[in-house]
Amino acid sequence: MFKSKFGSIPKFYVRAPGRVNLIGEHIDYCGYSVLPMAVEQDMLIAVEPVKTHNVQLANTNPLYPDFSTSENNIQIDQTKPLWHNYFLCGYKGIQEHFGLSNLTGMNCLVDGNIPPSSGLSSSSALVCCAGLVTLTALGMNLSKVELAEICTKSERYIGTEGGGMDQSISFLAEEGTAKLIEFSPLRATDVKLPSGAVFVIANSCVEMNKAATSHFNIRVMECRLAAKLLAKYKSLPWDEVLRLEEVQAKLGVTLEEMLLIAEDALHPEPYSPKEICRCLGISLEELRTQILSPNTQDVLNFKLYQRAKHVYSEAARVLQFKRICEEAPDNMAQLLGELMNQSHVSCRDMYECSCPELDQLVDICRKFGAQGSRLTGAGWGGCTVSLVPADMLPSFLAKVQEAYYQKSQASSVPEKQRLFATKPGGGALVFLEA
C-alpha cells in the first residue's frame, strides 16, 4: 500500500503499543503512581524521509483521510481532534525540544489495531509513534524517559491535560511485566502479575474521545482546585500548589491521613466559582485568568470533596496492589480483584467517570467469574479490565460474549476488538529496512 500511495518504499518502521491500566485511574495528573501494562495491540508507521519540506500522512483505514502539510506550518486544531493532529503533536514535540526551525519532510503510512476511543490509549500511542518517527528521521537520539516526557507535554497541544501514564508505558513497557510508573522524576518498576490468572479486556462499544469532550479537563481542574483549597486549609502557600500529591508531600502525612484532612476541609456539596473565590480570597477574574483553563472557565459547579477522596484512596490502592504482587500470598488474585472492584466503585461514585454500559459490563464480568473488574482509561465509555482465573477463561469469554455483545449495539466494533485476554507487551521500537 505504501508504494501505491507514495510510489516508493519505506526506509524504516516504528511501533508504539497501547496500554491497559490495571489500577490507578485519573491520578497520574495529580502526581500519583499508576500501574499499567502495554497491550499487544499497537500503532505502526512506515516511513520514508524525503528531501521536500512536506509531511504526507496516509492511513490504511479508509475512515481516516490522507493529510499533508509543510513542515514549517504545523497547525494543530484543538476544536476537531482529527487523527492527523495526534501525529502532528509528536512531530512538533520533537521539533520544539531541539529548537529546530527546519525539520525533514517525510511520507508516512499509519496502521493500527488499538480500538479507537476505547480507553486503551490509541491516541497517545500515535503521538509516541510520531515522536519516535521524527527523532529517527532526524538521526537523533533521546532516552525512553526523555521521549515519554516530550510526548506527554506535546499531546497537550490537542487540548487534553493528561498526566503522562500513557506515554510513559508506551516507551518504558517490557514484555512479561506490568510497571509501577512514578512521576517527578519519571521512573518505572517491574510488577510481577499473578501466574494463575489472566487480564481480560472487554469493550463497552461506547466511544469516548478525551479531546472532544470537556469531562476530562473538568476533572483535572477539580483536582487542582481541591489541592488549592486543601493547601489553604493547612496554611500552605496554596498559589504554588497544582496537584493533590504536592499537598500530601508538603504536609508529610500518609494517604490515609490525607483522606481524613479532605473530610475536614471540603464539603460534599458542589462548590460554585464564587465560593472557591471566597475560600481562596481571590476575585472571579483572578480565578478565571490565573487558575481555570480556557475550557473550564464556564463551569458552574465543581465537586472537590468527591474528586479528592477518589484520588487519595485510588493512590493507596495502587500501592496495595504492588505490595500484594510482591508478597504473592496464596489468595493473591482474590485480593487484587477486591482492589479492582473498589477502584470501579470509586470511579463510578466519587469520580463519576463511568457510564451505564460500563457498569453493566463490570457486573456481567463479575457474575461470570472475574475476581475483579473495573473501567480502565478515562472512562465515560471505552473498556473494562477483569482479572479472571486462567482455568475459567474459555467459559468466561463465551458467557460475556453472549450476555453483553449479543444484546448490545456492538456490531460497529470488530469482533477482535471487543473481548480478548491480554498479557504484558513490550514498548515502542524502530525497525530498519534490511
Side-chain angles (χ1 to χ4, degrees), residues 1-16 42-112 114 116 122-144 146-160 162 166-167 170-171 211 428-434:
M1 189 173 171
F2 194 97
K3 192 157 191 185
S4 65
K5 270 286 175 203
F6 302 116
S8 52
I9 57 167
K11 294 288 184 290
F12 64 91
Y13 303 82
V14 171
R15 81 169 284 268
D42 56 16
M43 284 286 171
L44 185 64
I45 304 182
V47 190
E48 180 198 21
V50 291
K51 294 278 192 286
T52 68
H53 293 292
N54 289 335
V55 176
Q56 295 200 81
L57 305 178
N59 200 303
T60 57
N61 186 332
L63 288 175
Y64 303 119
D66 294 358
F67 175 81
S68 73
T69 186
S70 160
E71 50 90 357
N72 54 15
N73 185 34
I74 301 297
Q75 297 190 349
I76 298 167
D77 184 355
Q78 288 194 7
T79 62
K80 295 195 241 13
L82 300 169
W83 78 274
H84 61 257
N85 284 326
Y86 291 97
F87 183 97
L88 296 179
C89 284
Y91 185 86
K92 186 176 174 185
I94 295 296
Q95 181 183 23
E96 296 205 335
H97 176 79
F98 288 110
L100 302 170
S101 51
N102 289 323
L103 277 182
T104 179
M106 56 178 98
N107 296 330
C108 298
L109 178 63
V110 178
D111 188 22
I114 309 168
S122 57
S123 50
S124 296
L126 181 50
V127 174
C128 293
C129 218
L132 190 48
V133 160
T134 310
L135 187 73
T136 307
L138 290 167
M140 297 172 112
N141 285 305
L142 286 170
S143 71
K144 291 177 180 180
E146 287 171 312
L147 269 165
E149 288 176 330
I150 290 165
C151 290
T152 297
K153 205 165 106 188
S154 68
E155 192 166 331
R156 294 179 188 143
Y157 296 138
I158 211 152
T160 308
D166 302 348
Q167 300 82 1
S170 196
F171 284 112
L429 287 173
V430 178
F431 306 94
L432 296 174
E433 189 64 62

Nearest non-hydrogen partners of R156 and G162, listed with the distance: NH2-O, 2.8 Å

Gap separating the CD1 atom of I94 from the CD1 atom of I150, nearest 0.5 angstrom: 4.5 Å

Exercise: identify the closest heavy-atom pair between S8 and E48: OG-OE1, 2.6 Å

Note, D66 side chain near Q56 side chain (heavy atom, < 4.5 Å): no

For the student: nearest non-hydrogen atoms of L147 and L132, plus distance: CD1-CD1, 3.9 Å

Note, C108 side chain near V47 side chain (heavy atom, < 4.5 Å): yes

Euclidean distance, T134 OG1 relative to L103 CG, rounded to 0.5 Å: 7.0 Å

Atom pair CG (N107) and CD1 (I45), whose distance is rounded to the nearest 0.5 Å: 12.5 Å

Side chain to side chain contact (heavy atoms under 4.5 Å, CB included) between L63 and W83, intermediate numbers included: CA-CA 10 Å; L63 288 175; W83 78 274; over 6 Å; no

Verdict with supporting geometry, L138 and L100, side chain to side chain contact (heavy atoms under 4.5 Å, CB included): CA-CA 11 Å; L138 290 167; L100 302 170; 3.8 Å; yes

F87 versus V133, closest heavy-atom pair with distance: CZ-CG1, 4.4 Å

Worked check of side chain to side chain contact (heavy atoms under 4.5 Å, CB included) between M1 and D111: CA-CA 11 Å; M1 189 173 171; D111 188 22; over 6 Å; no

Closest non-hydrogen atom pair, K3 against I9: CD-CG2, 4.4 Å

Interatomic spacing from CG in D42 to CG in L126 - rounded to 0.5 Å: 12.0 Å

From Q95 atom CD to L135 atom CG, the distance as rounded to the nearest 0.5 Å: 13.5 Å

Donor-acceptor contact present, side-chain S170 to main-chain D166, <3.5 Å: no

S154 and Y91, any side-chain heavy atoms less than 4.5 Å apart: no

From NZ (K144) to CD (Q167), nearest 0.5 Å: 16.0 Å

Residues I158, V127; criterion side chain to side chain contact (heavy atoms under 4.5 Å, CB included); working and verdict: CA-CA 11 Å; I158 211 152; V127 174; over 6 Å; no

Polar side chain donor-acceptor pair, E155 to S124, under 3.5 angstrom: yes

Side-chain heavy-atom pair H97, L142 within 4.5 angstrom cut-off: yes

Heavy-atom check, side chain of L88 versus side chain of T69, under 4.5 Å: yes

Ring geometry between F67 and H84 (parallel below 30°, tilted from 30 to 60°, perpendicular above 60°): parallel

Non-hydrogen atoms of Y157 and G93 that approach each other most closely: CE1-N, 4.1 Å

